[in-house]
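From a predicted model like this one, the values you see are computed outputs, not experimental measurements. Every chain is numbered from 1, with letters handed out A, B, ... down the list of sequences.
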Protein chains: 2
Amino acid sequence: MAKRYSTETYVQGILAGDRVMLSRAITLVESKLQSDQELAQQVINGVLPQAGNSIRIGITGVPGVGKSTFIEAFGNHLIKEEGKKLAVLAIDPTSQRTGGSILGDKTRMESLSINPQAFIRPSPAGKSLGGVTRSTRESIILCEAAGFDAIVVETVGVGQSETAVHGMVDFFLLLMLAGAGDELQGIKRGIMEMADAIAITKADEQNIQKARSARVEYQNALHLYPLAASGWMPKVSICSALKGTGLDTIWQTIAEYLQLTQKNGYFEKKRRDQNLQWMYEAIRQGLEDHFYSHQQIKEQLPGIAEQVKEGQKSAFAAAADLLKLV
Amino acid sequence: MAKRYSTETYVQGILAGDRVMLSRAITLVESKLQSDQELAQQVINGVLPQAGNSIRIGITGVPGVGKSTFIEAFGNHLIKEEGKKLAVLAIDPTSQRTGGSILGDKTRMESLSINPQAFIRPSPAGKSLGGVTRSTRESIILCEAAGFDAIVVETVGVGQSETAVHGMVDFFLLLMLAGAGDELQGIKRGIMEMADAIAITKADEQNIQKARSARVEYQNALHLYPLAASGWMPKVSICSALKGTGLDTIWQTIAEYLQLTQKNGYFEKKRRDQNLQWMYEAIRQGLEDHFYSHQQIKEQLPGIAEQVKEGQKSAFAAAADLLKLV
């Protein structure tokens with residue numbers, strides 16, 4: 001087991017921007033050991049007053065859309081042109097099954113990963129979605145306290161993880177390919193409605209015209225949605241990570257979103273609501289962990305679930321029977 | 001308190017299609033009394049083998065779209081032209097606050113409510129969304145056992161209740177108005193993506209052209225969505241409850257959906273998944289009810305929630321502290 005330090009050592013290291021200490025604290029957050037978890041909570045509470053000063057950006061898109069390439073180009077742009085310090089985190093509970101996907105292979109963001117203004121942390125392996133979202137959320141706090149003021153949370157646009165990411169970021173960016181047959185094919189239903197902006201990637205060479213048409217099409221589709229509570233109308237733009245084009249427009253869109261929502265109070269309100277939401281979520285998780293790890297439940301659940309599925313027992317009667325066991 | 005009967009009396013009455021006994025059983029399901037709940041569960045388990053033979057249709061739309069008028073016209077069509085027996089249930093946890101809305105005023109479905117082939121049950125007053133969804137789901141089972149083979153679950157398209165309804169029906173129909181300014185204004189984000197069909201209402205008199213344009217617009221928008229797991233491509237049609245036009249097309253669409261999904265196995269799979277989903281949901285509800293009704297939690301939650309909201313305490317540390325109290 002790796003060495004553990006005092007709460008104070010972690011807190012001071014993080015606040016001083018020590019990346020090694022930041023990494024070690026994230027390892028604590030990701031640990032399953034009870035003692036590590038308790039230490040992690042103390043560290044988080046210690047740095048919490050210095051956290052929160054960042055823009056948290058969720059980025060998603062189907063495999064093949066070029067997420068890593070985009071994040072590398074966009075990240076370098078933010079660092080060079082906007083003077084940001086960038087942290088990239090990933091939510092990918094399936095990576096252990098598919099054999100390493102997003103961020104698993106660090107070399108995929110080669111220039112960003114060696115940039116001293118960037119901090120890249122892959123998704124922890126072997127964790128459930130609940131576990132990954134929890135540790136990602138706590139990692140955001142640690143990165144902010146270490147002075148990173150642009151936090152990118154990456155996820156794959158094919159599962160439930162987008163909802164989780166949407167619940168922990170300020171701005172949600174959906175990457176799309178132009179002319180990929182049925183345009184939204186592969187993007188899970190509901191994800192498009194979460195997007196604060198859509199960026200059509202690989203808009204270079206012979207793709208430019210297709211990308212421009214797709215932009216118009218998506219912009220029209222987005223106009224059909226009701227205005228979000230933020231008062232923000234989602235924007236669609238095109239970009240090329242290869243050519244480095246369109247990245248400034250995307251940052252400009254994010255900056256406009258920030259300006260609008262910080263002025264109308266939505267930004268602050270959303271963050272406070274997210275904080276509360278996560279507390280209730282953690283309570284629910286705690287209650288369910290306790291329930292489903294109970295020996296009697298483990299033994300009886302499979303048989304009862306089968307009866308419910310087949311319509312032989314009502315769902316509520318089954319729940320009542322199981323709840324009595326604990 | 002109203003008279004209570006034996007489990008057997010309820011079960012036999014319902015299976016014989018006795019509407020008075022059906023009503024009384026639904027009253028049990030809606031009751032907050034522990035003894036009523038236990039009796040209700042016995043009744044439900046008693047009729048369960050005879051339930052399930054119906055098409056469950058969720059219908060939603062913003063206030064003003066003409067839901068009651070549509071359901072009355074569509075219901076009469078199903079009874080007269082398709083030989084169906086129709087039950088209409090409502091999910092409307094806000095009715096007690098807004099002073100009676102959907103189905104609260106039974107006179108709004110005058111001809112349907114006196115039709116012997118129809119059974120109309122308003123949403124129970126004074127219940128939470130969780131309470132209403134639970135009793136609605138159990139009422140569906142009772143209505144099916146009583147021989148009603150088309151179950152309409154009505155909800156208002158402005159809140160969380162659509163997700164709940166979507167989780168208990170086979171087919172989800174969204175009613176829309178043509179030319180209501182920003183087309184989707186008022187419809188909560190995500191609802192359109194749940195729809196298996198959209199019906200544009202009030203397509204009569206001077207509205208017809210607008211309705212036809214809206215149909216094309218929505219159909220195009222729906223084509224942007226990925227194909228649902230059912231393999232079904234949502235359809236858009238226009239109708240007029242006033243003129244009685246387009247109702248046959250809507251039923252035709254539902255029949256096509258049934259044919260497709262019963263053939264490809266999705267229909268059965270969805271119902272089984274829904275059953276299981278509701279068991280897990282009921283377990284979660286039971287765990288949370290127990291937790292949040294604990295005296296210590298009631299006392300300490302407000303202060304801790306405030307600290308979490310303000311970023312003074314981490315969400316997970318707060319949850320851990322609260323979980324220790326129970």
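Listed in order of number, the residues of residues 273-280 of chain B that approach chain A to under 4.5 Å between heavy atoms are B:N275, B:L276, B:W278, B:M279, B:Y280.
Taking a cutoff of 4.0 Å between a charged side-chain nitrogen and a carboxylate oxygen, B:R272 and A:E310 qualify as a salt bridge.
For the pair A:F316/B:Q37, no side-chain contact is recorded, criterion being any heavy-atom separation below 4.5 Å from C-beta on. Side chains of B:L48 and A:Q312 form no contact here, defined as non-hydrogen atoms less than 4.5 Å apart.
How far CG of A:L287 is from CG of B:L322: 10.5 Å, rounded to the nearest 0.5 Å. For the atom pair CG (A:D321) and CD (B:Q41), the distance works out to 9.0 Å, reported to the nearest 0.5 Å.
Heavy-atom neighbours of A:H294 NE2 from other residues, nucleotides or ligands within 6.0 Å: above the threshold of 12.
At a 4.5 Å heavy-atom cutoff, the contact between B:L323 and chain A is made by side-chain atoms alone.
For chain A, the option among B:R134, B:R137, B:R271, B:R284 with the highest count of heavy-atom pairs below 4.5 Å is B:R134. Between chain B and the residues A:V326, A:I44, A:V308, the largest count of heavy-atom pairs under 4.5 Å involves A:V308. Of the residues considered (B:A51, B:A305, B:A318), B:A305 shows the highest number of contacts with chain A, using heavy-atom pairs under 4.5 Å.
Between the side chains of B:S314 and A:E138, no donor-acceptor pair of N or O atoms lies under 3.5 Å.
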